[in-house]
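To keep things clear, I will list the structure first and then write my remarks on it.
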Amino acid sequence: AKSRHRGEHSFFTRDMNVEIEERVKLLHGLRSAFDNERLFLMYQPQVRIESGEPVGVEALIRWRGDDGRFIPPDRFIPLAEHSGLIVNIGNWVMRLACYEQVKIAAAGFPNVQMAVNVSLAQFRHQDFINQVRSALADTGAVAHQIELEITESMAMEDADFVAGKLNELAQLGVKVAIDDFGTGFSSLSYLQRLRVDRLKIDRSFVKDLCTNQRCRQVAEMVIQLSRKLGLGVIAEGVEEADQAKVLLGLGCPDAQGYLYARPMEPEALHDWLAERRA
Ligand code: C2E
Ligand code: CA
Ligand code: CA
Ligand code: CA
């Protein structure tokens with residue numbers, strides 16, 4: 001309480017102004033970073049737990065600031081979302097990720113699929129389906145090797161709209177996963193209506209899988225649910241061998257996390273894949 005003498009109100013207001021100013025600055029920086037190609041993608045492998053075989057990668061955006069330091073996506077994605085900038089950024093991400101899928105396939109890994117995060121504003125944009133179609137056509141990416149990740153909260157938004165979009169995506173041949181699954185505390189009924197391919201168990205449940213009975217039960221429930229609905233399932237944020245073991249025991253075949261690999265730049269990813277050539 002460095003300025004208590006100013007009184008609660010002015011202290012609060014000043015704080016908010018600083019926050020707004022910071023956000024405006026950040027947004028400005030993001031715009032210029034996008035224009036000046038200071039955004040790039042890293043790729044984090046997804047593996048079959050039993051064999052360690054690479055089955056996919058997730059594209060994760062990075063922003064290198066002027067000072068060389070990274071600004072984490074959790075800080076700028078929400079901002080990009082609010083400002084609408086995410087539509088262009090997201091389209092760029094999708095095209096680059098498709099292009100990388102083609103390169104990975106050409107390097108001898110045609111079965112390694114590419115997961116791409118899609119934000120709500122992007123998903124809702126009227127051009128979204130066309131953008132996906134163009135990304136596929138322009139890069140030559142194989143549609144069924146592209147998996148778009150939408151979050152559970154997005155999937156629950158407006159049931160008819162979402163169901164319609166997912167049908168259109170299915171017609172294009174791309175796959176869809178529900179990210180951060182289990183965090184939405186949703187009624188699960190919406191799931192039967194949505195044409196999705198895979199559920200992604202949120203990191204928060206994986207984290208305490210071995211120590212917290214409830215986390216284990218949520219993970220177990222998601223895995224059973226996926227089986228009953230005929231969907232795939234993958235766990236994110238797997239850091240320890242014990243977690244992988246429990247997940248495999250519960251019937252989850254695939255995992256992503258620091259235990260296997262951190263997000264990597266393309267060159268490192270290609271080395272990593274080459275070391276694991278079957
Ligand atoms: P997400 O989609 O849930 O992505 C997984 C996040 O978990 C990534 O953080 C990844 O680096 C991190 N992670 C992976 N394995 C582990 C692990 O074993 N332990 C821990 N502690 N973390 C792990 P990242 O790259 O910082 O991304 C954060 C979020 O930003 C993403 O969460 C996603 O929601 C968003 N994001 C990232 N790239 C994009 C993008 O291109 N478009 C959109 N719309 N959102 C993106
Ligand atoms: Ca994701
Ligand atoms: Ca996730
Ligand atoms: Ca998550």
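Read the numbers this way: they start at 1 and go in the same order the structure lists the ligands and their atoms. The basis for the numbers below is simple: all heavy atoms, side chains too, and nothing from hydrogens, waters or symmetry mates.
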Find out whether Arg48 and Asp254 are in side-chain contact, i.e. whether some heavy atom of one side chain is under 4.5 Å from a heavy atom of the other.
-> yes
For the Ca ion (ligand 2), does an N/O/S atom of Asp179 lie at less than 3.0 Å?
-> yes
Got Phe128 and Glu168 here, is their nearest side-chain heavy-atom distance under 4.5 Å?
-> no
Pick, from Gln122, Glu149, Glu236, the option with the minimum heavy-atom distance to atom 5 (C) of ligand 1.
-> Glu236
Is there a heavy atom in Arg62 that sits closer than 4.0 Å to ligand 1?
-> yes
Counting heavy atoms only, which of Pro45, Ala59, Pro73 is nearest atom 27 (O) of ligand 1?
-> Pro73
Judging by distance only, is a nitrogen or oxygen of Ile61 under 3.5 angstrom from one on ligand 1?
-> yes
Any heavy atom of Pro72 sitting closer than 4.0 Å to ligand 1?
-> no
Are any N, O or S atoms from Asn117 nearer to the Ca ion (ligand 2) than 3.0 Å?
-> yes
Among Ala235, Gly90, Ser119, closest by heavy atom to atom 44 (N) of ligand 1 is Ser119
Report yes if Gln44 has an N/O atom closer than 3.5 Å to an N/O atom of ligand 1; otherwise report no.
-> yes
Taking the N/O/S atoms of Asp180 one by one, which is nearest to the Ca ion (ligand 3)?
-> OD1
Output the atom name for the N/O/S atom of Glu149 with the smallest distance to the Ca ion (ligand 2).
-> OE1
Please state which part of Val116 comes within less than 4.0 Å of ligand 1, counting heavy atoms only: side chain, backbone, both or neither.
-> neither
Given Gln113, Gln44, Gln256, the one that forms side-chain hydrogen bond (donor to acceptor under 3.5 Å, both in side chains) with Glu58 | Gln256
Transitively linked via ILVMFWY side-chain contacts under 4.5 Å: Val57 with Val102?
-> no
State plainly whether the residues Glu22 and Lys25 are in salt-bridge range, i.e. N to O under 4.0 Å.
-> no
Val93 neighbourhood, listing ligand 1 atoms whose heavy-atom distance to it stays under 4.0 Å = 41 (O)
So, is Asp202 placed with an N/O/S atom under 3.0 Å from the Ca ion (ligand 3), counting both backbone and side chain?
-> no
Within one Ile-Leu-Val-Met-Phe-Trp-Tyr cluster: Ile234 and Val218, side-chain cutoff 4.5 Å | no
Asp180 neighbourhood, listing ligand 1 atoms whose heavy-atom distance to it stays under 4.0 Å | 3 (O)
Using a cut-off of 6.0 Å, state whether more than 12 heavy atoms not belonging to Tyr99 lie near its atom OH.
-> no
Is it possible for you to check whether Arg262 lies under 6.0 Å from the centre of the six-membered ring of Tyr258, through NZ or CZ, and within 45° of that ring's axis?
-> yes
N/O to N/O below 3.5 Å, does that happen between Glu239 and ligand 1?
-> yes
Atom nearest to the Ca ion (ligand 2) - Glu58, N, O or S atoms considered = OE2
Would you call the rings of Phe70 and Phe40 parallel, tilted or perpendicular if under 30° counts as parallel and over 60° as perpendicular?
-> tilted
For Pro263, the ligand 1 atoms whose distance to one of its heavy atoms is below 4.0 Å | 11 (O)
Can you tell me if Glu236 has an N, O or S atom under 3.0 Å away from the Ca ion (ligand 3)?
-> yes
The single option from Leu85, Leu27, Ile86 passing side-chain contact (heavy atoms from CB on, under 4.5 Å) against Leu79 | Leu27
Residues Arg64 and Asp66 bridged, charged N to O under 4.0 Å | no
Would you kindly confirm whether Ile77 and Ile178 end up in one hydrophobic cluster when ILVMFWY residues are joined by side chain heavy atoms under 4.5 Å apart?
-> yes
Do any heavy atoms of Glu58 fall under 4.0 Å from ligand 1?
-> yes
Could you check if a side-chain atom of Phe109 sits within less than 4.5 angstrom of a side-chain atom of Arg277, using non-hydrogen atoms only?
-> yes
Per-atom filter on ligand 1: closer than 4.0 angstrom to a heavy atom of Gly257 are 15 (N), 18 (O)
